[in-house]
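Residues take their numbers from the sequence shown, with the count starting at 1. Just the heavy atoms: all of them, side chains too, but no hydrogens, waters or symmetry mates, feed the values below.
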Amino acid sequence: MADLSRVESFQYPAAHLGHLTDNQQQALDAFKKLSQDQGYFSPSGANAGATHDDETLLRFLRARRFNPPEAFKQFKATEDWRKEHDVVGLYEKIDTDEFEQTRRLYPQWIGRRDKRGIPVFVFEVAPLNSKNISAYEKNLAKATLTSPTVPTKSLRLFALYESLTRFVMPLCSAIPRNHPETPISMSNNIVDISGVGLKQFWNLKNHMQDASQLATAHYPETLDRIFIIGAPAFFPTVWGWIKRWFDPITVSKIFILSPANVLPTLSQYIDLDNIPKKYGGNLDFEWGSMPVLEPEIEAAIKWEAPATQNGKNTFPIGPIRWSKGGNGSMNAIAVGMENGQPRNKTIFTIENPVDARAMLGPAIINTPIDEAELALTTAGTATQPTDKDVAEAEMDTPQDGTPTLSPTPNAAESTPATSVSGTKTEELPIRAGTSETRYAQQLDTHAAGQLKEGTPHAAINDHGHGDKTVTMEPNTVGQAPKEISIQKEEPPAPGYVDQAKTLAATATTAVTSTVGSAASTVGNLVGGAKTEEKGEEKVEEKSAEEKDMDAKIDAKEAPTIEGYLRTQAGSKA
């Protein structure tokens, strides 16, 4: 049974090779057997080594809490994905200039490691403005390496992750460190967001999501920590997006540092000589540069065809892979296409990598972790904006896609927003009919929140290969509140024929009413007084003269009755 007592992400070196519990070792053995039975793993033999090293398999196990069947599902999906897209061949064939264009848009290895031997990357977000991103996307149309099923930008992103796992991590594993028996399989990232505006963050959403989703799906457990530096006052708003862009485990690894905490925090993990001067350290490193190698790495390698930068040796641009040499040595081979031709050139050699003995020797023996290392296994939640901060800085996304900060409901009672570093910013009074009422029309319908919350987050359908669509309910968005009565449609005005018919019917009704009134009057005049007996009306017998008058009246036309009666009444006056 897997050890599930730890709910947060496993921190190096815990749960890594050389630091496994008995349950974790049993899970690794079961995972190997399951993968071998399914044809996805071959152990080392007399003529060949294992198809996958233990630390790679452990990355998938850690991602699935040491549950072998679940780990195998992700491992199988990754192996099928790598085969389908020929990821290994892609790394060998990508153009070196195209590789370099992509490297400059993502976290860059500075050539240094932290105190545990984990490589340190720096990512400056400000240079990734709309102009530079647009220029990069135009260059994608000129790419020499394309695929009918995968966007070109995704192919290049594959190559960057291959460089991390196939070159940088093995290099750091070969250099002396505290736990030489434990291969390096993670990276640290310093993310500088100083000078970045709200709109730029929003425009980079897809850029950052693509990298995170690829890592989560096919390069699991390759991230140790992210240190965010230079957070602006509106960062609680951005944090509300980030928490939806990345999976919860990745979010737990993010540390958001105020200016006063940058150097104290970084220096806990990284020696001052390996921290760029921009962040208080001693290292001369500028964004976009090739790695500035630390002395321990320089001492371990033997150069054959280096590139130079500021008078010092460094790596050439483009992909680099490893090949095995004699006596356990490692050869760094520059690959990829250069001027249309494949390159296969040895850049340097590591003659005595520190992990060679561990990899070729007997089973790894667990080594102790000291208290100082345990103190560095905290999660980053303590430095993240609270839910209250995010709610107060909630954002709106108008139809043009440009995010805006939601003002407070009552300008007179509003309070200034507070940044991560404690700096207060002044808010302007709101104006009626603007952002706070944009979605008022649908508040009382079953589409409530569809525009604001269903777009673009909750309704994203990911079809794979970067193909995403957004689903809404078009028949309900903006619908009027249900309790408001809808006026019935009035009938059209009658035509001339209909008006004539109505007039004729009205005339007939009037004539009938007149005749009834006349008959009643005649009855009263001729019939005389009425008497009541026992509540009943007594009807007297008409005389011969009355009967004669009735006969004459009945013989007259209806319109002349009234005139006839007037004549009779007048003759007796």
Practice prompt. Would you confirm whether Ser173, through its side chain, and Met169, through its main-chain N or O, come within 3.5 Å as a donor-acceptor pair?
Written response: yes
Response to the item:
CD1 of Ile228 to CZ of Phe255, rounded to nearest 0.5 Å, is 11.0 Å
Discussion item. Within this structure, what is the CZ-NZ distance for the pair Arg244 and Lys205, rounded to the nearest 0.5 Å?
Written reply: 10.5 Å
Discussion item. Taking the side chain as everything from C-beta on, heavy atoms only, tell me whether Ser163 gets closer than 4.5 Å to Tyr91.
Written reply: yes
Fill in: Short N-O contact, Glu92 and Arg321, less than 4.0 angstrom
yes
Fill in: Set of side chain to side chain contact (heavy atoms under 4.5 Å, CB included) partners for Ala307, sequence neighbours left out
Thr314, Pro316
Worksheet item: Restricting to pairs with a member in residues 289-301, which pass salt bridge (Lys or Arg N to Asp or Glu O under 4.0 Å), not counting sequence neighbours?
Response: Arg113-Glu294
Fill in: Lys/Arg-Asp/Glu bridge criterion (N-O < 4.0 Å) met for Asp273, Arg112
no
Worksheet item: Donor-acceptor pair, Thr381 side chain versus Ser252 backbone, under 3.5 Å?
Response: no
Worksheet item: Would a 4.5 Å heavy-atom cut-off, applied to side chains only, mark Leu20 and Leu28 as touching?
Response: yes
Discussion item. With heavy-atom distances below 4.5 Å as the criterion, would you say the side chains of Phe123 and Leu128 are in contact?
Written reply: yes
Discussion item. Applying side-chain contact (heavy atoms from CB on, under 4.5 Å) to Met186 and Leu223, what does each step give before you reach the verdict?
Written reply: CA-CA 5 Å; Met186 309 181 85; Leu223 175 65; 5.8 Å; no
Practice prompt. Nearest 0.5 Å please: distance from the NE2 atom of His218 over to the OG1 atom of Thr216.
Written response: 10.5 Å
Discussion item. On a heavy-atom basis, which atom in Arg116 and which in Tyr12 lie closest, and how many Å separate them?
Written reply: NH1-O, 3.7 Å
Worksheet item: If you measure only the distance, is there a donor-acceptor pair under 3.5 Å linking the side chains of Asp224 and Tyr269?
Response: no
Discussion item. Checking Tyr40 against Phe72 for the ring-ring contact (aromatic ring centres under 6.0 Å, His included) test, could you report, in this order, the C-alpha distance in whole Å, the side-chain angles of both residues, the deciding distance, and whether it holds?
Written reply: CA-CA 9 Å; Tyr40 284 84; Phe72 175 72; 5.8 Å; yes
Discussion item. Checking the side chain of Gln384 only, and the main-chain atoms of Ile256 only, is there a donor and an acceptor separated by less than 3.5 Å?
Written reply: no
Practice prompt. Could I get the full list of salt bridge (Lys or Arg N to Asp or Glu O under 4.0 Å) partners for Asp29, not counting sequence neighbours?
Written response: none
Practice prompt. Measure the spacing between CG of Leu263 and CD1 of Ile270 and express it to the nearest 0.5 Å.
Written response: 10.0 Å
Worksheet entry | Exercise: do Tyr161 and Thr222 side chains pair donor with acceptor under 3.5 Å | no
Practice prompt. Carefully, step by step, assess Phe315 and Phe167 under the rule ring-ring contact (aromatic ring centres under 6.0 Å, His included).
Written response: CA-CA 11 Å; Phe315 311 136; Phe167 174 64; 5.2 Å; yes
Worksheet item: Can you check whether Phe285's main-chain N or O pairs, donor with acceptor, with Lys278's side chain at less than 3.5 Å?
Response: no
Worksheet item: Would one find more than 12 heavy atoms of other residues, nucleotides or ligands at under 6.0 Å from atom CG of Asp22?
Response: no
Worksheet item: Within the distance-only criterion (no hydrogens, no angle test), does the side chain of Asn188 pair as donor or acceptor with the backbone N or O of Val120 below 3.5 angstrom?
Response: no
Practice prompt. Could you tell me whether Phe227 and Tyr279 have their ring centroids closer than 6.0 angstrom?
Written response: no
Discussion item. Looking at Gln74, is its backbone amide N or carbonyl O close enough to the side chain of Thr78 to form a donor-acceptor pair, meaning the two atoms are under 3.5 Å apart?
Written reply: yes
Fill in: Exercise: do Glu162 and Tyr219 side chains pair donor with acceptor under 3.5 Å
yes
Item to complete: Begin from the C-alpha positions of Asn206 and Gln209 and carry the test side-chain contact (heavy atoms from CB on, under 4.5 Å) through to its verdict.
Response: CA-CA 5 Å; Asn206 291 336; Gln209 273 186 314; 3.6 Å; yes
Worksheet item: Just wondering, do Gln108 and Met290 contact through their side chains at under 4.5 Å, heavy atoms?
Response: no
Worksheet item: Backbone N or O of Ile118 within a donor-acceptor pair of the Asp114 side chain at under 3.5 Å?
Response: yes
Fill in: Name of the residue among Arg82, Lys76, Lys83 meeting salt bridge (charged side-chain N to carboxylate O under 4.0 Å, His left out) with Asp80
Lys76
Worksheet entry | Flag for Arg62-Gln24: side-chain donor and acceptor within less than 3.5 Å | no
Worksheet item: Can Ile347 and Trp303 be said to form a side-chain contact (heavy atoms from CB on, under 4.5 Å), step by step?
Response: CA-CA 6 Å; Ile347 304 302; Trp303 291 105; 3.9 Å; yes
Worksheet item: Heavy atoms, side chains only, cut-off 4.5 Å: are Leu145 and Leu90 in contact?
Response: yes
Worksheet item: Which atom pair, heavy atoms only, marks the closest approach of Lys345 to Ala305?
Response: CD-CB, 4.2 Å
Worksheet item: Taking 4.0 angstrom as the limit, do Glu55 and Arg59 come out as a salt bridge?
Response: no
Worksheet item: What distance separates Thr349 OG1 from Ile333 CD1, expressed to the nearest 0.5 Å?
Response: 7.0 Å
Discussion item. Check whether Arg64 reaches the backbone of Lys73 with its side chain - one donor and one acceptor, N or O, closer than 3.5 Å.
Written reply: no
Discussion item. If I take atom OG1 from residue Thr102 and atom CG from residue Leu160, how far apart are they, to the nearest 0.5 angstrom?
Written reply: 6.0 Å
Worksheet item: Do Asn274 and Leu283 come within less than 4.5 Å of each other through their side chains, counting heavy atoms only?
Response: no
Worksheet entry | Test item: side-chain donor near acceptor, Glu181 and His19, under 3.5 Å | yes
Discussion item. Using 30° and 60° as the class boundaries, would you call the ring planes of Phe158 and Trp81 parallel, tilted or perpendicular?
Written reply: perpendicular
Discussion item. In the structure I gave you, are the side-chain heavy atoms of Trp322 and Leu171 within less than 4.5 Å of one another anywhere?
Written reply: yes
Worksheet item: Between Asp192 and Ser194, is any side-chain donor less than 3.5 angstrom from a side-chain acceptor?
Response: yes
Item to complete: Using the six-membered ring wherever Trp is involved, compare the ring planes of His52 and Phe41 and label them parallel, tilted or perpendicular (cut-offs 30° and 60°).
Response: tilted
Discussion item. Could you tell me if the side chain of Trp202 sits less than 4.5 Å from the side chain of Leu204, heavy atoms only?
Written reply: no
Response to the item:
In short, Pro319 meets Arg343 closest at the heavy-atom pair O-NH2, 3.3 Å
Practice prompt. Compute the ring centroids of His16 and His179, then answer whether they are less than 6.0 Å apart.
Written response: no
Discussion item. Restricting to non-hydrogen atoms, name the atom on Leu34 and the atom on Pro69 that form the minimum distance, rounded to 0.1 Å.
Written reply: CD2-CA, 4.0 Å
Worksheet item: Do any N or O atoms from the side chain of Asn132 and from the backbone of Pro127 form a donor-acceptor pair under 3.5 angstrom?
Response: yes
Worksheet, complete the sentence: Tightest non-hydrogen contact, residues Asp53 and Thr56, listed as OD1-N, 2.8 Å
Practice prompt. Determine yes or no for a side-chain-to-main-chain donor-acceptor pair under 3.5 angstrom, with Ser35 supplying the side chain and Lys32 the backbone.
Written response: no
Fill in: Residues Thr144 and Glu98: side-chain donor-acceptor under 3.5 angstrom
yes
Discussion item. So which atom in Ala143 and which in Thr152 form the shortest heavy-atom distance, rounded to 0.1 Å?
Written reply: CB-CG2, 3.6 Å
Worksheet item: Does a salt bridge link Lys153 with Glu137, judged by any charged N lying under 4.0 Å from a carboxylate O?
Response: no
Worksheet entry | Residues Asn331 and Thr346: side-chain donor-acceptor under 3.5 angstrom | no
